[in-house]
Structures are given as C-alpha cells and as structure tokens.
Amino acid sequence: MENKIKKIGILTSGGDAPGMNAVIRAVVRTAIHKGLKVVGIRRGFEGLISGDFMDLEASDVSNIMYRGGTTLLTARCPEMMTQAGQEKAAQIAKVLNLDALVVIGGDGSLHGAQALSKLGINVFGIPGTIDLDLDCTEYTIGFDTAVNTGMEAINKIRDTSCSHERCSVVEVMGRNCGYIALWCSLTGGAEEVLIPENPDVNSEMVIQQILENRSHGKNHNLVVVAEGIGNSQELAEKIESVTGIQTRATILGHLQRGGIPTAIDRLHGSVMGFKAVEAILEGRQNRVMVYRNGKYLDLDLDEALEYKREYDNSLYEMIKILAI
Ligand code: F6P
C-alpha cells in the first residue's frame, strides 16, 4: 500500500527548552530516512501564520543537538489564541500540503496544536518545557537541564551563604508548577521549599524552621521558592526582620532556560522525535508523545490534555527529613 504521508512540518513553540534541538534533529533525520519531505517553520505558530518556513535537509540539523534553545526559533503567539489566527494557521498548513505537523512545546503549544486538529490538520505533539507541567507525561524535554542549572546555582549560592552565615532564598522557574523547585531543593539540600501545590507551607513556618535549624547549630539556611509562589524578595526581608539573620534573595529566572542540554534531555528528545515520525507513518493522527512508567507512548491529544495527575507530597516530606 502506498504511504499517504509524504510531507511533514515541524515547529517549536512557547518557551524554549534545552533538548528541543535534539527533537528537531531526530524528527528531520528520521523523516528523511523514511523518504519524507520536511518543512521547518520558524518562530512557532507565529511563523506558521506569517508563512515563515524553509525546507529542511539532514545536513541542516548538523551540530545542533549540543546547543540549548531552539534553532527553529520560538515565540509566544497571542494570535494563535484567536479563532481567526487558528484558521489562518490551518490554511497555511493546508497550502503547504502538510500531511502532519509536529509541534514541540508545553501546555499552551499543545492547546494550539489541538485547535489546529479541530480544523482538519493532523498534528503530533512532543512535550518540550522546562516546567514538567504537563500532567499526561512523566517527562518534558528541558526539565533535567533546568534542574541541573538550578542545582549548580544553589551550590554556588551556598558557598557564599555559608561564608557569611546568612540565609539564602532562591527563586526558580516553573510557572504554576513546583517540580523544578522540588527537584532543586532535594538535590541542592534546601531546608524548606515553597510551591503552589503545597499552599499550607507559609512564611511563618519557614521562619520557624530556620530558627529551629539555627538552634541545632546550622550556620546558614537555604530556602527555595517556586516562581508560582513569587515574592521571594519580600520573604527574604521578612526572614531578616523577624530573625535578625542577614538574608538575600536570588531570582534565577531565564538562566534556567538556557545551557547545554544534558544527556537525559538529548536522549528523551531523540527518542521522542524518532518515535513520533514512526507513529505518524503508521497513520496515527492527532497524538502526543508521552513518557510513562519507563515507556514512550503516543496518546490521543484530546484525552491527554484532559488528564490530571495528582500531586504527591512525598518528595516534599523527604526534603524536610533530609534537611534536619
Ligand atoms: O514555561 C517555561 C517558562 O520558563 C516558565 O517557567 C516561566 O514562567 C515562563 O516560561 C517565562 O516565560 P517568558 O520567557 O515568556 O517570560
């Protein structure tokens, strides 16, 4: 039987994440190996709407896997949130004769892909965001690099915090989600972590913990705050005024979005990209690649976006015990 898939498009959308280039490389090379044509769309949905694209060959993705960011460029695209923008994007995908469009990005990008699927475009999502805030998958590309960056920053802050016998408050990214904060806290040895999923932990409890740890002989303190909680500067000021301990706040911000992707991000990125093309060729439509229980699966996009994972507080409890 003749293969109906002849040409696919690929774009990266929303916040960039280290490892996106490994996905691009894997999708382009697997597709070319299988005899497909690949169109690269620049700046995500913005580029699709404005018709900013180019043909991609295997050599176009040489030497990109080692680089952070995305070589296809990315953007947040407010127009894609409108019906008119979605229709324009779908129309261009049709003019381009795309048999499938691979969308690499986080929650907003996958919702953009879903909107296109309702307009007759066959889409395939690959989870790329440092936040790990997609409930349908246990891994999103970029998370490991971001956590390693956060952990290394905490190591450095700890050196100075120790020397001055201070308290350090470190704010990490993650949008409304606390996974980066939890992982950075555990691997960086924080005493307390404030995350949106755990609203019961407040500044009074943090101060109490700091005072208790000082009474046990700790000469410095480290508190991690997820950006979804925010106000890390305010928290630092409150800690200092109540306890008298000099306190400094550091907001890591976009530092965590860059950097050389770790092996984990290159591996997940490569495998997900490879398997996405295989699934597209098998005729699977409007899917998203996920990682669950050690396996890569492609799920129906609508069902995947509905899925809600329950927050498990055990990592937080572990952080508290390991920091005594
Ligand atoms: O989704 C990735 C992320 O880095 C979040 O952690 C953060 O809230 C957001 O993007 C920042 O977005 P922008 O780069 O558009 O300011």
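Note that ligands are numbered from 1 as they come in the structure, with each ligand's atoms numbered from 1 the same way. As the structure is a computational prediction, the values presented were derived from the model and not from experiment.
The heavy-atom pair separating Val38 from Ala31 by the smallest distance is CG2-CB, 3.6 Å. The shortest non-hydrogen separation linking Leu299 to Arg292 is CD1-NH2, 3.6 Å. Heavy-atom minimum distance, Val103 versus Ser109: CG1-O, 3.8 Å.
At the top of the distance list for atom 16 (O) of ligand 1, counting protein heavy atoms only, stands His254 NE2, 3.4 Å. The closest protein non-hydrogen atom to atom 4 (O) of ligand 1 is Arg257 NH1, 2.8 Å. Atom 6 (O) of ligand 1 has as its closest protein heavy atom Asp131 OD1, 2.7 Å.
Within a 6.0 Å sphere centred on CD of Glu87, other residues, nucleotides and ligands contribute more than 12 heavy atoms.
Residue contacts with ligand 1 do not include Gly106, since none of its heavy atoms lies under 4.0 Å from the ligand.
Of all the atoms in ligand 1, the ones that sit under 4.0 Å from a non-hydrogen atom of Met173 are 4 (O), 6 (O).
Close N/O approach between Gly174 and ligand 1 is found [any backbone or side-chain N/O within under 3.5 Å].
Evaluated by nearest non-hydrogen atom to atom 8 (O) of ligand 1, the leading choice among Arg76, Glu227, Gln256 is Glu227.
Formation of a donor-acceptor pair under 3.5 Å by the Ser215 side chain with backbone atoms of Glu212 is found in this model.
Between Lys320 and Glu191 there is no salt bridge, since no side-chain nitrogen of the basic residue lies less than 4.0 Å from a carboxylate oxygen of the acidic one.
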